[in-house]
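Reviewing the structure listed below.
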Amino acid sequence: MGTVVDDAASMEFHAFFERHYAELSRLAHLLTGEADAADDLAADALLTLWHRWDRVRAADHPVAYARGVVANLARTRVRSAVRERRRVSLFWSQREEKTANPDIAGVVDVQEALRRLPFRKRACVVLRHAFDLSEKDTALALGVSVGTVKSQTSKGMAELQKILGSQGAPQKVHVAMARGGETGGTDR
């Protein structure tokens, strides 16, 4: 008998999902300004609704409840992004190094090249060269082994050298990332 009720609830939720997913995704997109994050937020909201489906389906306005969940998730995401930007800004503002004539074009080139690297290689290169972390500290930050940090950093630097087309790529990357904070760039 419990299966029939569960099946009915499942079918009802599935119908709710089909009717409202696109709308909830649009809402998330408008609230965050991030198209990629919108689908994730809508999916997270619907997962939350599924876990509370007995209460949601008994509510007077289940769609309003769903919109509230999306709004709360979006607010959390925006606040998190703002906190992260503040941390990055604080880090760069506390640096004592100042460059008289920053090579803005070089910084932009390096940042674009970094974006082309897979995440783990990019993270290893940035933590090792921009933040001057040791291999051990980088491994701890990323939750990987020291050997993985060594190989990913080496492969990432080799890829950057190919992308940037210069033998001095490691120095160029290090200098550009050190100067990147002074050009206003935050996408590292």
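All of these numbers come straight from a predicted model, not from anything done at the bench.
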Identify which one of Leu127, Leu117, Leu160 satisfies the side chain to side chain contact (heavy atoms under 4.5 Å, CB included) criterion when paired with Arg122. Leu117
Rounded at 0.5 Å granularity, tell me how far OH in Tyr65 sits from CZ in Arg52. 4.5 Å
Do other residues, nucleotides or ligands put more than 12 heavy atoms under 6.0 Å from the CZ atom of Arg79? no
Are Lys155 and Cys124 packed together at the side-chain level, in the sense that at least one heavy-atom pair is separated by less than 4.5 angstrom? no
Minimum heavy-atom distance between Leu41 and Ala74, given as atom pair plus value: CD1-CA, 4.0 Å
Where the side chain of Ser151 meets the backbone of Thr148, is there a donor-acceptor pair that is under 3.5 Å apart? yes
Test log, rule side-chain contact (heavy atoms from CB on, under 4.5 Å), inputs Val125 and Leu114: CA-CA 9 Å; Val125 168; Leu114 281 169; 4.0 Å; yes
Test side-chain contact (heavy atoms from CB on, under 4.5 Å) applied to Asp40 and Arg77, step by step: CA-CA 11 Å; Asp40 292 341; Arg77 183 173 182 86; 6.0 Å; no
Does Ser25 use its side chain to pair, donor to acceptor, with the backbone of Tyr21 at less than 3.5 Å? no
According to the interplanar angle, ranging from 0 to 90°, do the rings of His14 and Phe17 count as parallel (below 30°), tilted (30 to 60°) or perpendicular (above 60°)? parallel
Answer yes or no: is there a side-chain heavy-atom contact under 4.5 Å between Arg128 and Met157? no
Do Lys136 and Ser134 touch side chain to side chain, with heavy atoms closer than 4.5 Å? yes
So Thr153 and His129, side-chain contact (heavy atoms from CB on, under 4.5 Å) or not? Walk me through it. CA-CA 9 Å; Thr153 302; His129 292 280; 4.2 Å; yes
Indicate, with yes or no, if Trp53 and Leu46 share a hydrophobic cluster defined by side-chain heavy-atom contacts under 4.5 Å among Ile, Leu, Val, Met, Phe, Trp and Tyr. yes
Could you tell me which non-hydrogen atom of Leu73 sits nearest to which non-hydrogen atom of Ala45, and how far apart they are? CD1-N, 3.5 Å
If you look at every heavy atom in His29 and Glu34, which pair is closest and at what distance? CD2-C, 3.5 Å
Examine Val146 and Leu142 and state if one hydrophobic cluster contains both, with Ile, Leu, Val, Met, Phe, Trp and Tyr joined whenever side-chain heavy atoms are less than 4.5 Å apart. no
When the ring planes of Phe13 and Trp50 are compared, do they come out parallel, tilted or perpendicular, using 30° and 60° as the limits? tilted
What distance separates Thr32 OG1 from Leu27 CG, expressed to the nearest 0.5 Å? 9.0 Å
hydrophobic_cluster_shared for Val144 and Leu133, side chain cutoff 4.5 Å: yes
Arg67 side chain to Leu24 backbone, donor-acceptor under 3.5 Å: no
Donor-acceptor pair, Thr48 side chain versus Asp44 backbone, under 3.5 Å? yes
Grab the two heavy atoms, one from Leu31 and one from Ala71, that are nearest each other, plus how far apart they are. CD1-CA, 3.8 Å
Quick one: CZ on Arg116 to NZ on Lys121, what's the gap to the nearest 0.5 Å? 12.5 Å
Could you tell me the separation between the CD atom of Gln152 and the NZ atom of Lys150, rounded to the nearest 0.5 Å? 14.0 Å
